[in-house]
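Naming convention: chains lettered A, B, ... in sequence-line order (proteins, then strands); numbering from 1 in each chain.
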Protein chains: 2
Amino acid sequence: MSLQHALLGVLEARPMNGYELTRFFEAAPRWVWSAPQSQIYPTLRQMEQAGLIEGQKEIRGTRLSRTVYSITERGLAELRTWLGTSHTPPPARDAFFLQALFFDMIEPDRAASVLKAFIAEQEQLAAEWRAHREALLAKDTPLLKERLKNRPAGEHDRIAALKAHVFAGQIAVATARAEWARESLRLLEEPTP
Amino acid sequence: MSLQHALLGVLEARPMNGYELTRFFEAAPRWVWSAPQSQIYPTLRQMEQAGLIEGQKEIRGTRLSRTVYSITERGLAELRTWLGTSHTPPPARDAFFLQALFFDMIEPDRAASVLKAFIAEQEQLAAEWRAHREALLAKDTPLLKERLKNRPAGEHDRIAALKAHVFAGQIAVATARAEWARESLRLLEEPTP
DNA sequence: TGTATCATGTAAGATGTTACATGATTGC
DNA sequence: GCAATCATGTAACATCTTACATGATACA
């Protein structure tokens with residue numbers, strides 16, 4: 001159900017059509033949730049049926065139609081309830097740690113090259129998140145700007161700080177993973193006595 | 001495909017039947033991968049068809065039959081290839097960070113209680129992993145004992161250290177998450193000027 | 001007139017979840 | 001005899017992935 005809540009969270013900022021949402025959820029600088037286009041459209045229709053969002057059909061030109069969805073009172077209530085509830089953690093399922101668990105079965109060189117790629121990838125992610133965090137602190141992302149329009153000015157700093165802090169969390173995790181991988185490299189290279 | 005590799009990794013230690021594997025993958029002290037019983041059995045049959053594992057039917061008592069699966073040469077090769085290859089990271093999909101991203105929409109008290117539950121849960125996980133890590137370092141887990149029987153004694157320390165280090169990684173991530181949640185609590189409580 | 005972008009759709013298959021179902025064996 | 005454990009199965013459903021398909025509009 002998380003995709004639905006992710007969509008509700010985005011639509012709370014402003015109404016959007018499937019195409020915009022698709023670009024958002026497929027965006028290169030990774031966000032906290034991702035989904036392919038083929039999942040977005042059916043989910044939107046489902047959510048409309050459930051009364052969580054409302055679609056407004058528009059025509060561009062003569063024949064190109066798009067449906068702009070906005071969050072309903074019901075959707076807002078559902079989102080708030082979900083946000084205020086503790087959910088059971090997802091089952092452990094980390095393909096990379098799984099891989100690392102059996103590194104003793106392959107040559108250290110091969111394991112090392114996998115680890116190095118992992119470090120590069122985590123650092124890349126951290127860099128993207130760092131940029132996004134900065135942009136949020138500067139209140140300079142398209143979505144945050146829209147969102148703040150419906151909020152009292154006195155809260156803007158707090159809201160930006162809270163959102164930015166989520167990406168600080170992503171950065172912290174990516175950094176911890178990269179650091180762990182560097183330690184792994186040292187462990188692998190240790191000469192066996 | 002990761003479940004298949006997880007199963008291969010476990011079966012490399014020793015042959016097991018579906019029931020044993022189920023207990024392993026549903027075990028309370030979380031491992032790096034989990035799967036329900038309903039997924040294990042069909043996957044095992046699939047893997048046997050693919051020649052990655054080999055099932056040996058046994059009879060306990062008069063009628064209770066079980067199929068003990070062991071890894072084949074083919075399965076071992078597949079596992080080694082997978083272990084030595086870098087895989088594209090899974091798409092970002094973190095329900096908790098998603099939730100935290102919208103904490104500005106609910107009362108700070110409610111957000112705080114969600115955060116506190118999260119901290120407790122991450123610390124619980126870290127504790128379980130810490131215990132498992134210690135057990136691995138002491139070469140005192142059932143599976144590791146089996147596994148080491150087929151390895152030269154001179155490598156035992158290194159293998160145990162490598163496996164234990166994976167759980168050090170899990171602990172580091174859980175700790176980073178808990179620490180991040182504690183910072184969030186402070187941010188939430190900050191008085192708005 | 002052609003290319004990039006806008007805009008929406010579906011279909012097949014893999015993976016994961018929840019729940020139910022059946023019977024054998026061990027040990028008290 | 002009864003409960004806990006051993007042992008395997010399936011069915012329905014939700015979720016996610018990969019791929020294909022179609023047409024409109026903007027703009028150079």
Side-chain angles (χ1 to χ4, degrees), chain A residues 1-7 15-28 30-50 52-53 55-69 87-95 98, chain B residues 1-8 15-28 30-50 52-53 55-69 82 87-95 98:
Chain A
M1 305 249 72
S2 290
L3 173 55
Q4 301 206 4
H5 294 110
L7 287 165
M16 289 193 195
N17 61 8
Y19 186 72
E20 283 179 287
L21 288 164
T22 296
R23 279 187 313 173
F24 194 89
F25 280 85
E26 283 180 345
R30 285 139 197 280
W31 197 53
V32 291
W33 201 267
S34 92
Q37 178 261 6
S38 65
Q39 228 188 331
I40 307 273
Y41 285 96
T43 303
L44 287 171
R45 286 195 298 265
Q46 231 176 290
M47 289 167 72
E48 190 179 21
Q49 287 242 316
L52 301 173
I53 58 176
Q56 184 65 40
K57 209 162 184 171
E58 287 180 6
I59 303 286
R60 309 231 313 168
T62 33
R63 259 172 305 188
L64 188 56
S65 85
R66 65 176 175 184
T67 307
V68 179
Y69 293 96
H87 307 284
T88 53
R93 209 166 274 141
D94 188 312
L98 176 66
Chain B
M1 304 252 71
S2 290
L3 173 55
Q4 300 206 4
H5 294 109
L7 287 165
L8 287 174
M16 287 191 198
N17 62 8
Y19 186 73
E20 283 179 288
L21 288 164
T22 296
R23 279 186 314 172
F24 195 88
F25 280 85
E26 283 181 343
R30 284 140 198 280
W31 198 52
V32 291
W33 201 268
S34 92
Q37 177 260 9
S38 65
Q39 227 188 330
I40 307 274
Y41 286 95
T43 303
L44 286 171
R45 286 195 298 264
Q46 232 175 287
M47 290 168 74
E48 189 179 22
Q49 288 242 317
L52 301 172
I53 57 177
Q56 183 67 40
K57 208 162 185 170
E58 287 180 6
I59 303 284
R60 308 233 312 168
T62 34
R63 263 172 301 190
L64 188 58
S65 86
R66 64 176 179 186
T67 309
V68 178
Y69 293 97
W82 182 77
H87 307 286
T88 54
R93 210 165 274 142
D94 188 312
L98 174 66

task = Find the distance B:Tyr41:OH to C:dA19:C1' and express it as a whole number of Å.
result = 16 Å

request  = State, with a plain yes or no, whether a side-chain heavy atom of A:Glu20 is found less than 4.5 Å away from one of A:Val68.
outcome  = no

key: A:Trp33 and A:Phe25 aromatic centres sub-6.0 Å   = no

query = B:Tyr19 OH to C:dG23 C1': how many Å, rounded?
reply = 14 Å

query = Can you find a side chain N or O atom of A:Arg23 that sits less than 4.0 Å from OP1 or OP2 on C:dC6?
reply = yes

ask   = Could you give the CE-to-C1' distance, from B:Met1 to C:dG16, as a whole number of Å?
value = 14 Å

key: Residue closer to the 5' end of DNA chain D, A:Gly61 versus A:Ala35 (nearest nucleotide)   = A:Ala35

request  = Select base, sugar-phosphate, or nothing to describe what A:Ser38 touches, counting heavy atoms under 4.0 Å on all strands.
outcome  = base

query = Of the options B:Leu21, B:Ile53, B:Leu3, which is the one that meets B:Thr43 in a side-chain contact (heavy atoms from CB on, under 4.5 Å)?
reply = B:Leu3

inquiry  = Measure CG/A:Asn17 against P/C:dT5 and give the value in whole Å, please.
reply    = 16 Å

request  = Using only side-chain N and O atoms of B:Arg63, determine if any of them is under 4.0 Å from OP1 or OP2 of C:dA24.
outcome  = yes

inquiry  = Tell me if the CD atom of A:Gln56 is crowded by more than 12 foreign heavy atoms within 6.0 Å.
reply    = no

task = Find which nucleotide of DNA chain D each of A:Thr62 and A:Gln39 is nearest to by heavy atoms, and output the residue with the more 5' nucleotide.
result = A:Gln39

request  = Could you check how far CD of A:Glu20 sits from P of C:dC6, rounded to whole Å?
outcome  = 9 Å

task = To the nearest 0.5 Å, tell me how far B:Gln4 CD sits from B:Leu52 CG.
result = 6.5 Å

query = Where does the chain B footprint on DNA chain D start and end, counting 5' to 3' with a 4.0 Å heavy-atom cut-off?
reply = D:dT5 to D:dT17

key: Note, B:Tyr19 side chain near B:Ile40 side chain (heavy atom, < 4.5 Å)   = no

